[in-house]
Amino acid sequence: MSHLLDQLNTQQRTAVEHSEGPALILAGAGSGKTRVITYRIAHLIGAKGIPPESILAVTFTNKAADQMKERVAHLLSDSLESWPHISTFHSFCVRVLRRNIEGALPGYTRDFSIYDEDDQARLVKTIVNELGLGEQAASPRSLLARISYAKNRGLAPQDLYRQAADAATEKLATVFERYERKLRQANALDFDDLLLKTVELLYAAKDVCERYNQRFRYVLVDEYQDTSRIQYQLIRQLTLIHQNLCVVGDEDQSIYRWRGAEIENILNFERDYPGARLIRLEQNYRSTQVILDAATAVVSRNRARKGKVLWTDRAGGARVGLYEAQSADEEAFFIAAEIQRTLAADGDATIAVLYRTNSQSRLFEEALRRLTIGYRVVGGFSFYERAEVKDLLSYARLATNLRDSAALLRVINTPARGIGDTTVQSLQASARRANLSLWEALEQDLAAKLLPARSLRVLENFYNLVSELAAARGQMTMSGFFREVLERTNYLETLRAEGTPEAESRIENLQELVNAAAEAEDRGETLAEFLDHAALVSAADDFEERARVTLMSLHSAKGLEFSVVFLAGLVEGLFPHKLSMDDDAALEEERRLCYVGMTRARDRLILTRGASRRSFAREDYETSPPSRFLREVPSELIETLNLAMTGVKPRTTWENAVSSRADIERFLRERRSNAWNPGSASAGAGETTRSTSRWKLGSPVRHPKFGLGTILGCEGEGEDSKLTVSFPGYGKKKFVEKFAALEKI
DNA sequence: CAATCCCATTTTTTT
DNA sequence: AATGGGATTG
């Protein structure tokens with residue numbers, strides 16, 4: 001085991017060898033933080049003989065947890081009898097709650113559901129409607145954000161009432177209170193509750209708290225700068241007895257203030273845990289000096305920081321590239337072309353394109369596809385967020401926890417079975433009157449028979465269906481159960497009947513879900529565990545084989561590194577985001593985010609911006625000035641890449657890589673033409689749209705999927721025009737001419 | 001009373 | 001582009 005220590009510098013070794021008592025490790029970007037944590041775990045087990053199961057390591061993301069598990073397993077090559085518990089805050093809490101919630105929290109059973117963001121939003125919306133707050137209240141979205149923020153700080157509705165200074169806060173408190181009540185009725189917890197209720201439970205049930213204290217004698221927390229008050233309290237309760245708490249963090253990388261993270265947690269650590277050992281990791285092993293200097297220059301504009309000196313022995317390095325494009329399209333093409341050259345020149349390069357908002361990925365995807373460069377996108381829409389997947393999961397949730405009203409609402413008329421809005425409304429009304437979950441209200445209404453006969457009939461069918469599914473749940477395998485649901489609900493059949501390509505892909509997704517369930521089963525997971533996993537796995541966690549090119553948001557990039565990083569969209573309003581520009585603290589967080597992005601790069605960092613971009617999918621472009629962060633990078637560290645524009649001849653290979661203006665113009669031209677048409681490759685030249693043709697209203701056309709149709713309308717000119725075509729059996733469809741393989745007859 | 005059609009709105013970051 | 005709400009139709 002001692003050979004492990006040889007691979008570490010002095011500070012790292014101190015951190016790894018520290019075992020008893022509290023420790024705070026201030027780890028700058030790229031200072032080998034993950035290495036220290038994993039080596040420390042390995043060291044505790046291998047050298048100190050600590051039983052693995054008495055170690056708890058907590059992270060924020062599943063990605064980080066998986067990575068940590070993998071690396072610990074790698075270090076401890078001999079198979080262990082037990083394993084350290086490495087998980088996210090949320091999954092850890094789910095485990096604790098499933099085991100201890102009954103009796104400890106009135107009204108809850110171990111089968112509680114986890115409400116996702118969608119469920120939460122709907123819930124808030126119905127509450128706003130119930131209270132008749134329509135126009136006068138803030139949007140459900142922002143109400144939910146404020147509720148979540150309050151929960152993350154451990155505030156209850158009563159606390160809000162008490163400090164309510166204005167009518168708006170009072171309304172918020174009212175909504176909040178009702179929101180909580182509905183969650184209880186539904187035997188459901190939202191994401192914040194998972195933490196909150198666990199903390200409540202640990203405070204209330206001393207014996208449970210002590211048990212976990214004894215079980216986990218060593219606790220590690222990653223990304224401590226991003227912990228909220230509740231997470232702080234959780235950790236505090238878990239370490240009351242032994243105080244063997246080791247936290248790792250970097251205040252310059254705190255980027256979750258908006259979600260309730262309190263930077264004070266890291267700043268006050270030494271006060272909260274007297275005698276804490278403080279260890280600073282200041283040697284950066286990742287980036288070149290140039291990149292480090294550039295990033296440091298930006299973040300040092302912040303007032304709220306302790307300040308630290310990061311150094312590297314990778315002196316010099318390529319200057320930070322800067323490409324300033326006219327438009328976001330051009331920016332995307334530049335990046336794609338640059339990536340192509342980088343990949344050709346260096347077979348080992350790993351490349352990331354980082355951006356502020358997920359919606360920005362689209363342009364980059366398009367540009368990369370055109371150059372047939374493989375990539376993967378982290379974040380955005382994930383598998384588990386697809387409607388059909390959620391539908392099927394909702395059936396499973398409902399069958400597991402009949403009180404789960406969010407799941408019930410989702411599936412009560414999916415697929416359509418004649419239970420419409422009015423019927424659902426009346427059900428909701430009676431649930432509200434009797435203070436019941438929707439399922440209980442349904443039972444009650446069916447017994448009372450006060451509804452129109454037709455409603456009673458369809459509701460009874462639904463009731464029987466779900467009851468049978470609930471009974472079947474325990475009788476069969478997980479995948480078998482999912483298949484049963486698809487069968488009994490006619491879900492697949494309904495999709496098949498649609499016959500559209502969209503329906504086909506939905507069917508495939510459902511198939512994939514059934515397969516995932518079967519795999520989980522092989523691993524010994526129960527349906528409940530599978531549902532937990534689906535609820536807690538985020539889009540950013542699908543960490544597949546490392547692709548050469550990765551697109552992701554700056555937030556998801558935290559903790560990762562790449563040899564080449566493109567930091568895109570550096571324009572005011574986007575980055576810093578316009579919603580953060582009025583508030584100093586928020587602006588400083590944007591700056592830290594910029595720092596996080598820049599320090600992901602090992603060898604080469606390229607900053608880009610496109611002056612104009614289309615907002616939403618509308619026609620008009622909006623123009624934004626360069627991001628202030630660009631000005632904050634010292635100009636001597638920057639190399640401008642817009643050479644073609646200025647007419648200067650390229651000199652180095654990197655400069656050579658710059659696309660010529662002609663390239664870019666050709667790209668933009670082609671983009672507007674139908675050169676990129678997913679269907680055209682197989683369709684053959686003769687069938688594709690002739691862009692010169694004029695479409696006459698009423699004339700017949702043929703579509704490869706929908707068959708014969710009639711043109712009903714045509715907006716705009718040339719290949720960009722939108723056509724409305726009616727197809728017998730399919731209804732009216734709208735096409736953009738250049739993308740639709742419409743054939744004139 | 002439910003299904004369908006049309007229009008307005010949407011996008012900050014995540015467990 | 002996609003979703004949800006509101007109006008219209010069947």
Side-chain angles (χ1 to χ4, degrees), chain A residues 58-65 87-94 114-118 120-122 125 129 134 139-142 145 148 151-152 189-195 223 226-228 230-231 254-261 354-362 378-382 384-387 413 415-426 451-455 458 502 532-533 535-541 552-558 569 573-581 586 589-590 592-593 596-597 613-618 722 724 731-732 734 736 739:
Chain A
V58 201
T59 66
F60 276 82
T61 64
N62 295 293
K63 191 164 69 187
S87 76
T88 64
F89 274 102
H90 290 83
S91 353
F92 173 76
C93 288
V94 169
I114 301 171
Y115 270 20
D116 66 19
E117 206 177 331
D118 222 49
Q120 299 179 52
R122 277 169 212 272
K125 205 171 285 174
N129 288 338
S139 69
R141 230 189 137 69
S142 81
S148 171
K151 284 186 163 194
N152 272 297
L189 300 175
D190 66 15
F191 284 135
D192 303 316
D193 282 336
L194 296 178
L195 305 175
E223 308 281 11
D226 284 328
T227 49
S228 66
I230 286 300
Q231 284 158 338
S254 156
I255 55 175
Y256 287 104
R257 198 187 67 104
W258 54 275
R259 206 173 84 185
L354 307 182
Y355 35 77
R356 179 67 230 279
T357 65
N358 281 313
S359 58
Q360 288 168 258
S361 73
R362 214 177 228 137
V378 175
F381 290 106
S382 92
Y384 290 107
E385 283 170 74
R386 288 168 210 258
N413 200 31
R417 50 172 74 88
I419 305 176
D421 227 25
T422 326
T423 309
V424 173
Q425 296 266 335
S426 92
L451 290 161
R454 180 172 150 190
S455 305
V458 284
E502 292 83 25
D532 285 348
H533 180 77
L536 296 175
V537 158
S538 80
D541 293 322
M552 67 177 117
S553 72
L554 286 157
H555 283 86
S556 335
K558 193 170 68 161
L574 204 51
F575 192 32
H577 196 273
K578 57 175 174 290
L579 298 178
S580 301
M581 290 201 306
E589 178 145 307
E590 296 279 314
R592 289 193 291 271
L593 196 52
V596 167
R613 68 181 55 242
R614 0 167 43 130
S615 54
F616 309 118
R618 275 183 277 119
K722 293 193 187 88
T724 310
K732 273 187 273 184
K734 270 199 175 182
V736 176
F739 291 131

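Here is how names work: the chains are called A, B, and so on, in the same order as the sequence lines, proteins then strands, and each is numbered from 1.
- We find that CG of A:D421 is positioned 13 Å from C1' of C:dA7, with the value rounded to whole Å.
- Across all strands shown, A:R592 has no heavy atoms under 4.0 Å from either base or sugar-phosphate atoms.
- Contacts of A:N413 classified as side chain to side chain contact (heavy atoms under 4.5 Å, CB included), with partners at least two apart in sequence or in another chain: A:A416, A:R417, A:I419.
- Aromatic stacking is not marked for A:H555 over B:dT13, as the cut-offs of 5.5 Å for the centres and 30° for the planes do not both hold.
- Counted by atom type alone, A:Q360 and A:T357 present one or more donor-acceptor pairs between their side chains at under 3.5 Å.
- Atom-to-atom, CE of A:M552 to C1' of B:dT13 comes out at 14 Å; the value is rounded to the nearest Å.
- The OH atom of A:Y256 sits 16 Å away from the P atom of B:dT12 (whole-angstrom rounding).
- The base of B:dT15 sits within donor-acceptor range of the side chain of A:H90, with an N or O pair under 3.5 Å.
- In this structure, A:R259 places its CZ atom 13 Å from P of B:dT13, rounding to the nearest Å.
- Using a 4.0 Å heavy-atom criterion, one finds that A:F60 contacts the sugar-phosphate atoms exclusively.
- Residue A:T423 is classed as a sugar-phosphate contact, given heavy-atom separations below 4.0 Å to backbone atoms only.
- Using a 4.0 Å heavy-atom cutoff across all strands shown, A:D192 reaches no nucleic acid atom at all.
- Using a 4.0 Å heavy-atom criterion, one finds that A:K125 contacts the sugar-phosphate atoms exclusively.
- The base of B:dT12 is not paired with the side chain of A:T357 by any donor and acceptor separated by under 3.5 Å.
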